[in-house]
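Sequential numbering from 1 along the given sequence is applied to the chain's residues.
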Amino acid sequence: IHPSIANSYNNIGAVYDNKGDFQQALQYYQKALDIQKEVCDTEIHPSIATSYNNIGLVCKNKGDFEQALQYYKDSYHILSVTVGENHPNAKTVKASLDYVEERLKT
């Protein structure tokens with residue numbers, strides 16, 4: 001399996017997410033994650049972080065903040081280790097993580 005297939009699945013998932021079809025979005029994001037875990041030689045890879053972030057986004061959009069929180073934490077952990085906390089992607093995920101944590105407080 002070629003890694004670009006995972007990118008395609010992520011893109012298809014984004015289309016479904018934008019349409020509000022969260023179940024389909026999750027299916028495609030999960031397919032992307034499965035491929036990335038298969039082709040990456042480690043669980044700590046920015047591509048895997050992207051898929052965790054995408055799944056977290058769908059969970060957030062569905063209002064499932066507990067589930068979103070876990071995916072955002074996983075994504076942020078990977079990014080902080082691989083690209084650093086000051087990388088724009090890590091900052092974006094951190095903002096999403098903070099948002100979800102704040103929503104869970106209310």
Report yes if some heavy atom in the side chain of [X] is under 4.5 Å from a heavy atom in the side chain of [Y]; otherwise report no.
X	Y	value
L104	E66	yes
H45	I78	no
K31	D34	no
K91	N86	yes
C59	Y71	yes
E85	Y76	yes
K62	L26	yes
L57	N61	yes

**Request:** Report yes or no: do F22 and F65 belong to one cluster of Ile/Leu/Val/Met/Phe/Trp/Tyr joined by side chain heavy-atom distances under 4.5 Å?
**Result:** no
**Asked** Is it true that L79 and V100 fall in one hydrophobic cluster, defined by side-chain heavy atoms closer than 4.5 Å?
**Response**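 Yes: a chain of side-chain contacts under 4.5 Å links L79 to V100.
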Residues which pass side chain to side chain contact (heavy atoms under 4.5 Å, CB included) with [X], listed by chain and number, not counting sequence neighbours:
X	answer
N10	Y29, A32, Q36, T50, S51, N54
E43	K37, Y52
E101	L69, K73, L97, D98
V81	I44, H77

**Residues clustered with V15, ILVMFWY side-chain links under 4.5 angstrom** = none
**Request:** Hey, could you give me the CD/CD1 distance between E38 and I5, rounded to the nearest 0.5 Å?
**Result:** 10.0 Å
**Message:** Once rounded to the nearest 0.5 Å, what's the spacing between atom NZ of K94 and atom OG of S80?
**Reply:**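 Atom-to-atom, K94:NZ and S80:OG are 10.0 Å apart.
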If you take all heavy atoms of [X] and [Y], which pair is closest and at what distance?
X	Y	result
A68	G56	CB-O, 3.4 Å
T42	I48	O-CD1, 3.5 Å
S75	N53	OG-CB, 3.6 Å
S96	Y72	CB-CZ, 3.5 Å

**Prompt:** Is the side chain of D17 donor-acceptor paired with the backbone N or O of G13 at a distance under 3.5 Å, no angle test?
**Reply:** no
**Message:** My understanding is that only residues two or more places apart in sequence, or in another chain, count here; which of them pass ring pair (Phe, Tyr, Trp, His ring centres under 6.0 Å) with Y9?
**Reply:**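 Y28.
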**Asked** So is K60 actually on top of Y99's ring, under 6.0 Å and inside 45° of the axis?
**Response** yes
